[in-house]
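Worksheet for the structure shown next.
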Amino acid sequence: MDLNLTLEEQEFRDSLRSWLAEHVPEPWPEDDRDETSLQYWNYLRAWQKKLFDGGWAGVSWPSEYGGRGATPIQSSIFLAEIARAGAPQSVGIIGESLVGPTIIAVGNNEQKERFLPGILSGECIWCQGFSEPNAGSDVASLVTRAVRDGDDFIVNGQKTWTSFANLADWCLLLVRTDTEAPKHKGITCLLVDMKSEGVSVSPLRQMSGNSGFNEVFFSDVRVPVENQLGELNRGWGVAITVLMNERANLGSSLYVELQLSLEALIASVKKLTRDGQRLADDPLNRQKIAQAITELEIYRLSNDRSLSRLNKNAIPGSEDSILKLLWSEYSQRFAQSAMEILGDSVQLNDFDNGTWIYRYLRSRGSTIEGGTSEIQRNIIAERVLGLPKSY
Amino acid sequence: MDLNLTLEEQEFRDSLRSWLAEHVPEPWPEDDRDETSLQYWNYLRAWQKKLFDGGWAGVSWPSEYGGRGATPIQSSIFLAEIARAGAPQSVGIIGESLVGPTIIAVGNNEQKERFLPGILSGECIWCQGFSEPNAGSDVASLVTRAVRDGDDFIVNGQKTWTSFANLADWCLLLVRTDTEAPKHKGITCLLVDMKSEGVSVSPLRQMSGNSGFNEVFFSDVRVPVENQLGELNRGWGVAITVLMNERANLGSSLYVELQLSLEALIASVKKLTRDGQRLADDPLNRQKIAQAITELEIYRLSNDRSLSRLNKNAIPGSEDSILKLLWSEYSQRFAQSAMEILGDSVQLNDFDNGTWIYRYLRSRGSTIEGGTSEIQRNIIAERVLGLPKSY
Amino acid sequence: MDYDLSKPQKLLQESVRTFCKRKCSPERVRELMATDTAFDEELWSEIADQGWIGPHLPEAYEGLELSLVELAIIAEEFGRVCMPGPFIAANWAATLIAESGNAELAEKYLPSIIEGELKATVALLEQGSSWAGEPQLTVTRDGNNYKLSGIKELVLDAAIADLIIVVARDGDDTCLMMVKATDSGVEITPTPSIDATRKLCRISFDAVTVPSEQVLATGESADKALRKSLQIGAIAVSAELVGIMQWTLDATVEYVKTRKQFDQPVGSFQAVQHQCAEMYLLTESSRAAAYYAAWASSENEPDAARSISIAKTWCSDSARKLGNHAVQCHGGIGFTWEHDLQFYYKRSKANEFLFGDPTFHREQIAEMALCTT
Amino acid sequence: MDYDLSKPQKLLQESVRTFCKRKCSPERVRELMATDTAFDEELWSEIADQGWIGPHLPEAYEGLELSLVELAIIAEEFGRVCMPGPFIAANWAATLIAESGNAELAEKYLPSIIEGELKATVALLEQGSSWAGEPQLTVTRDGNNYKLSGIKELVLDAAIADLIIVVARDGDDTCLMMVKATDSGVEITPTPSIDATRKLCRISFDAVTVPSEQVLATGESADKALRKSLQIGAIAVSAELVGIMQWTLDATVEYVKTRKQFDQPVGSFQAVQHQCAEMYLLTESSRAAAYYAAWASSENEPDAARSISIAKTWCSDSARKLGNHAVQCHGGIGFTWEHDLQFYYKRSKANEFLFGDPTFHREQIAEMALCTT
């Protein structure tokens with residue numbers, strides 16, 4: 001048991017830190033974050049390009065594909081440092097963390113040559129078309145159809161909760177290619193050009209009023225057969241690969257994001273008063289702050305422990321379900337606590353730029369997105385503890 | 001909406017109060033409550049006799065059977081006043097509140113004549129043999145068998161969690177009389193003399209170290225056919241009647257019992273100090289006390305609301321599941337809060353006579369006994385909200 | 001002891017429910033949310049015509065002189081449709097005027113408030129103050145007049161108000177000053193907030209002149225009237241939360257019966273069932289608490305004050321928990337702007353604060369139980 | 001960064017586990033519970049022979065000079081069998097002596113404590129005091145000697161102790177006084193408590209004479225040693241709680257796989273499954289917290305103190321919640337005296353208090369974060 005970073009890990013972190021110190025752009029003004037504006041998009045693309053030019057795109061990819069072959073721990077250091085430096089969000093994240101690794105794993109050589117370079121350079125932005133309105137947690141019950149017609153598939157259907165779809169160039173799409181087979185066995189994975197005729201995108205507004213997700217409609221969209229990723233009707237296996245990658249390294253950046261928010265709360269609590277008493281001196285607030293610190297630290301430690309295992313075994317394990325539960329429930333409790341501590345004025349959009357309202361509402365989705373808490377608990381019960389299936 | 005007691009209800013309460021003021025005996029010393037001692041038992045029996053002589057036994061029974069025909073609200077006033085007066089526990093409670101009403105509902109005339117008087121006078125103490133070790137929440141899966149042999153049934157099997165069985169005279173017993181039929185349709189209800197050959201009782205110790213429950217073993221016990229209550233193989237209907245009665249009027253006494261305990265906690269909190277500060281001045285303790293007050297009041301109001309309905313409709317409704325959940329979860333949270341507030345010394349058996357330890361441990365069973373919280377939530381979901389069955 | 005509503009109460013409930021269904025559809029709520037004021041003049045005047053503004057106030061001032069149980073009935077039904085507009089503000093202002101004992105000003109203003117012609121609100125909170133806190137906004141004397149200077153926050157529906165009752169400080173005394181929105185030096189700024197169906201404003205007072213005849217009350221009588229008006233406000237908000245919970249429960253139960261996952265209705269999964277059961281428990285117990293508080297206050301029961309703090313605490317906490325379960329049971333769809341859950345969810349959150357949050361009321365309860373001061 | 005135990009640590013874990021399985025069956029635990037002392041002389045001396053008392057203490061005093069991670073490993077395994085006896089008390093006393101910087105007394109007492117021959121404990125708490133509180137038991141000077149008078153409460157395993165380190169007050173200073181159980185004026189009374197596997201005592205000191213050479217430390221060095229010993233105690237208790245949780249989780253999972261209700265294993269009901277999943281989460285996250293605290297303290301990381309308070313808070317709260325789920329998943333049988341759950345459940349509760357409860361440690365964490373004093 002040695003929880004210090006290794007020398008190599010320290011060097012990786014230090015060189016990244018100094019690069020970031022020089023290259024992170026001015027933050028985009030917080031009250032002007034219209035997710036759909038072209039200026040904002042260009043700002044994000046420019047950052048992706050900068051990362052690429054600096055050699056910091058796709059750090060976890062094997063060097064033969066232009067990456068750095070970073071270990072899981074290094075990858076997580078990367079994400080944590082990026083978050084800590086206040087760098088813009090990564091517009092290439094779907095490509096870098098999901099699509100690229102999947103193409104590397106199951107794509108053919110042509111697909112690798114054609115798609116991988118653009119992902120790293122930021123020229124080609126990806127989105128991921130898995131979720132459907134009627135599928136929900138039961139992803140494999142998807143009904144978007146692809147029917148073979150000559151050298152093309154013809155795709156019809158609808159995807160939802162698709163990040164970046166409004167401006168993405170390509171989409172990693174799951175479609176049903178065999179309606180007779182059991183639901184996991186008739187799914188194929190396609191790489192779809194978002195500029196194809198018949199693709200349309202409309203923003204999906206969240207309860208917070210923000211968009212950030214989209215609905216994507218496919219109406220007789222032609223997809224050339226060579227854009228099939230992996231084998232026909234074996235797309236569920238590809239999806240599993242993607243879903244396994246989805247959260248593996250995410251923890252460290254989620255942690256940093258929450259930590260910055262907790263620090264902001266602590267700063268406010270030290271500054272603000274109620275009825276003349278400093279919020280920081282109120283024993284109830286102190287208990288709530290301490291509980292938030294405790295839970296966040298528990299998340300950090302659980303994440304580190306999981307990373308340390310991943311670093312040895314290279315296979316994301318069932319710890320992910322624990323991390324998902326810890327993170328999502330912490331996010332909600334933390335937002336609730338923050339609102340309780342800050343009191344009435346926290347309702348106003350002009351209080352701390354609306355951060356706490358946004359956090360409160362946005363976190364409501366955290367126990368649903370990416371596998372509901374109920375699904376996570378089922379996974380732990382059945383796969384980790386070996387209990388009989390409940391349904 | 002008029003939440004005042006009616007004049008009649010007030011008169012009932014007042015006359016009971018003045019009777020109790022004169023007749024409640026000295027409390028049995030708290031540290032000498034050995035549930036199995038004969039002295040204690042005699043003390044309890046004497047109290048039951050006093051109630052009977054005063055005309056306060058079986059208040060809810062129709063007057064033709066010796067009761068007072070009290071309304072549900074009056075019955076609940078009765079239980080609340082008894083509790084508030086610090087009267088001994090009612091050793092005849094199973095007979096009075098479960099067995100008697102069931103005999104009145106489904107018994108034949110001979111059974112009524114034979115059994116009802118002894119229940120009220122306290123000469124005949126009853127226990128209830130429903131639960132079995134392997135049945136748990138699935139009461140109907142009971143396996144204690146009764147086989148017809150001439151004019152007798154021969155009973156073999158085991159019951160558990162049987163209050164008062166150690167000293168009871170009679171037992172209301174559920175047995176399986178048809179092993180081929182679906183499980184709800186092969187059950188019969190018998191009235192069994194506990195002095196019959198082949199009945200043996202051993203105390204069941206709870207985690208708190210107290211007994212108060214028993215296991216009852218039946219080995220070739222002969223029960224005359226005339227002691228069958230209700231029809232053959234229709235015993236499940238009888239059981240339902242009993243189970244519906246079980247909690248209907250209980251709420252008010254459970255409430256008073258918890259309120260006395262909360263008052264005791266408040267008294268301690270005003271008296272005790274930690275590091276020189278009065279416990280009552282600690283803002284954290286104040287929040288916990290207030291929360292306990294709130295939850296208990298919510299229980300009182302919900303119970304009153306349910307009683308007010310019962311008073312009109314005379315059929316216990318699904319509110320019982322809510323009351324069971326509120327009571328059991330409150331009992332646990334309250335005990336936990338009390339221990340947090342009182343601090344380290346509360347661990348000691350000589351702190352407040354071990355009340356808080358007992359309450360903490362005993363309340364752990366409250367979400368299990370009489371239908372687990374899971375079962376209660378199923379009942380609400382399926383019977384009240386009309387959701388499809390989950391299993 | 002009878003918990004059932006009386007016949008006339010049931011009739012009232014029925015008529016409010018029918019009215020709300022007809023006049024305040026979810027589509028209408030969305031339209032009003034999108035405006036700066038969430039105010040529908042016509043709807044408001046119809047509500048007034050029914051007598052539902054300040055129904056507990058004396059007939060002498062055009063009130064219906066009903067009990068607070070009837071106020072709770074109206075508030076619950078309004079909650080069920082997430083009624084936008086100044087119902088809570090108007091009730092608060094009207095109650096405060098009625099409780100102040102100032103007959104002259106009551107005669108002057110109350111009837112037109114109750115009849116919906118004059119829009120009134122109360123300005124209490126300031127930056128760093130609480131619902132118990134003593135306002136810092138100060139009054140200075142200027143001959144026979146007063147001058148007000150300072151800033152009030154989180155004032156309900158002030159953007160459409162004609163009249164603002166300002167809670168100010170004159171030395172050690174609380175003063176209730178009646179200021180017109182058009183008075184010189186009054187600046188009202190809408191401050192968008194989490195609940196777009198009920199708008200909050202910041203009001204700055206820059207040496208605003210208040211003639212002494214516009215002083216509603218001072219000192220003890222001001223404190224008493226304010227306290228009473230806050231209590232009645234808390235009852236109304238608690239009842240509104242009950243209505244919100246009932247709508248949310250109903251919507252959730254209906255959804256989980258039909259929505260399928262893994263080839264079964266999600267309502268057949270125990271994890272979903274148990275959340276629905278909990279929602280039912282929270283709704284029913286909150287209703288018991290809110291109505292008891294209304295009844296006990298009307299009857300001046302000795303535990304009235306405690307019952308109000310208990311109702312506000314329990315209903316606030318319950319509505320928040322219930323809302324969270326509701327979104328969870330809905331899954332992704334419940335998290336979208338398109339689903340009506342969102343505005344009920346946000347109104348619940350705003351109501352959690354209004355007239356004192358659970359922490360505040362628990363401290364009140366503790367104080368009553370522990371008598372420490 | 002490597003969270004795995006090292007090879008030697010795994011070997012230690014394995015050997016403690018094997019030892020505990022062989023020497024400390026549930027039946028043995030029950031036998032010891034029923035005694036006044038829960039002390040098994042032979043078992044204790046075997047534990048000492050293995051070097052498991054104060055394994056982190058210097059070799060000069062017969063310790064193994066291992067890190068606190070090894071202490072945590074031993075404590076976790078002891079937790080798994082709910083080991084009765086004075087392990088926590090002896091570690092606390094030994095650590096306190098080692099940290100006091102009093103080489104003379106350390107040489108005199110430590111080796112025999114570590115070797116299991118001398119039984120020592122620490123007397124800190126008093127009526128109305130807290131783990132942060134300053135003891136009221138006072139010292140008066142009497143020539144070259146001291147006199148101790150007062151009462152200590154909740155002293156771990158004092159009934160079998162030879163040596164009691166008393167935390168007392170001399171004016172503004174804390175003093176650590178070493179008193180023999182046989183000293184005149186010392187009266188030790190067992191006080192039965194919720195956890196029968198670890199016994200607590202009340203000790204009254206009636207003008208007990210303590211020669212000055214028996215003063216272990218005073219003033220700042222006493223405070224510092226006490227603080228450090230409490231921290232290491234909190235680590236050991238946190239790790240012990242992890243072991244308790246692991247046993248409880250394992251027992252519950254095994255039970256729900258076989259127990260049937262409504263013709264299915266109860267482990268196939270989502271309501272049970274989800275409770276088990278939560279128990280797993282609590283166990284694993286607690287383990288991460290306890291071992292991090294042990295490692296960070298050994299390495300003198302800047303967040304060591306915070307990590308200990310976090311571990312104690314999280315493990316205490318988790319073990320309580322987990323125990324409640326465990327009984328619930330077991331149903332009635334889990335609530336009986338016959339089921340082994342009961343003594344794990346009660347030990348968890350006692351451990352919740354030991355070395356400071358979650359409320360206490362949260363206040364420590366807040367103080368570190370908010371730097372208010």
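As a basis for the values below, the full set of heavy atoms in this structure was taken, side chains included, without hydrogen atoms, waters or symmetry mates. Each chain gets a letter, A, B and so on, in the order the sequences are listed, and its residues count up from 1.
For the residue pair B/Q336 and D/K349, a side-chain donor N or O sits within less than 3.5 Å of a side-chain acceptor on the partner.
Contact tally against chain D (heavy-atom pairs below 4.5 Å) for B/G365, B/G276, B/S131: the top residue is B/G365.
Taking 4.5 Å as the limit, some side-chain heavy atom of D/Q328 sits within range of a side-chain heavy atom of B/T367. Under the 4.5 Å side-chain criterion, counting only non-hydrogen atoms from C-beta, D/L154 is in contact with B/Q347. B/M207 has its side chain out of reach of D/W337: every pair of non-hydrogen atoms, C-beta onward, lies at least 4.5 Å apart. Residues B/D344 and D/W131 form a side-chain contact, since some pair of their non-hydrogen atoms from C-beta on lies under 4.5 Å apart. D/T336 places a side-chain heavy atom less than 4.5 Å from the side chain of B/W161. Counting heavy atoms from C-beta on, the side chains of B/M339 and D/D357 never come closer than 4.5 Å. Counting heavy atoms from C-beta outward, D/F353 and B/V346 have side chains that approach closer than 4.5 Å.
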(message) Using side chain to side chain contact (heavy atoms under 4.5 Å, CB included), reason through D/E153 and B/F351 one step at a time and then give a plain yes or no.
(response) CA-CA 12 Å; D/E153 299 264 354; B/F351 184 96; over 6 Å; no

(request) Using the side chain to side chain contact (heavy atoms under 4.5 Å, CB included) rule, take B/D138 and D/Q264 through it: C-alpha gap first, then chi angles, then the decisive distance, then the call. (result) CA-CA 11 Å; B/D138 186 8; D/Q264 322 179 23; over 6 Å; no

(message) Could you go through B/L361 and D/K346, starting from their C-alpha distance and side-chain angles, then the distance that decides it, and tell me whether this counts as side chain to side chain contact (heavy atoms under 4.5 Å, CB included)?
(response) CA-CA 9 Å; B/L361 296 173; D/K346 294 174 190 166; 3.8 Å; yes

(request) Starting from the C-alpha separation in whole Å, work towards a yes-or-no answer on side chain to side chain contact (heavy atoms under 4.5 Å, CB included) for D/T359 and B/K288. (result) CA-CA 12 Å; D/T359 304; B/K288 287 171 188 171; 3.8 Å; yes

(request) Evaluate the side-chain hydrogen bond (donor to acceptor under 3.5 Å, both in side chains) criterion for residues B/Q206 and D/E338: first the C-alpha distance (whole Å), next the side-chain angles of each, then the deciding distance (0.1 Å), finally the verdict. (result) CA-CA 8 Å; B/Q206 301 162 38; D/E338 278 64 40; over 6 Å; no

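Residues B/R274 and D/S129 come closest through the heavy atom pair CG-O, 4.0 Å. Considering all non-hydrogen atoms of both residues, B/R364 and D/Y345 come closest at CD-OH, 3.1 Å. Scanning both residues, B/N349 and D/I194, for their nearest heavy atoms gives OD1-N, 4.1 Å. Of all heavy-atom pairs between D/L200 and B/L348, the closest is CD1-CD2, 4.0 Å. D/Q261 and B/N134 get closest at one heavy-atom pair: NE2-O, 3.7 Å. Smallest separation of non-hydrogen atoms from D/S130 and B/D275: OG-OD2, 2.7 Å.
Residue D/F262 holds its CZ atom at 7.5 Å from OG of B/S141, rounded to the nearest 0.5 Å. Taken to the nearest 0.5 Å, the CD1 atom of B/I357 stands 10.0 Å off from the CG atom of D/D195.
Taking the charged nitrogens against the carboxylate oxygens, B/D350 and D/R202 do have a contact shorter than 4.0 Å, which makes a salt bridge.
Interface remark: B/S373 contributes backbone and side-chain atoms alike to the contact with chain D (heavy atom separation under 4.5 Å).
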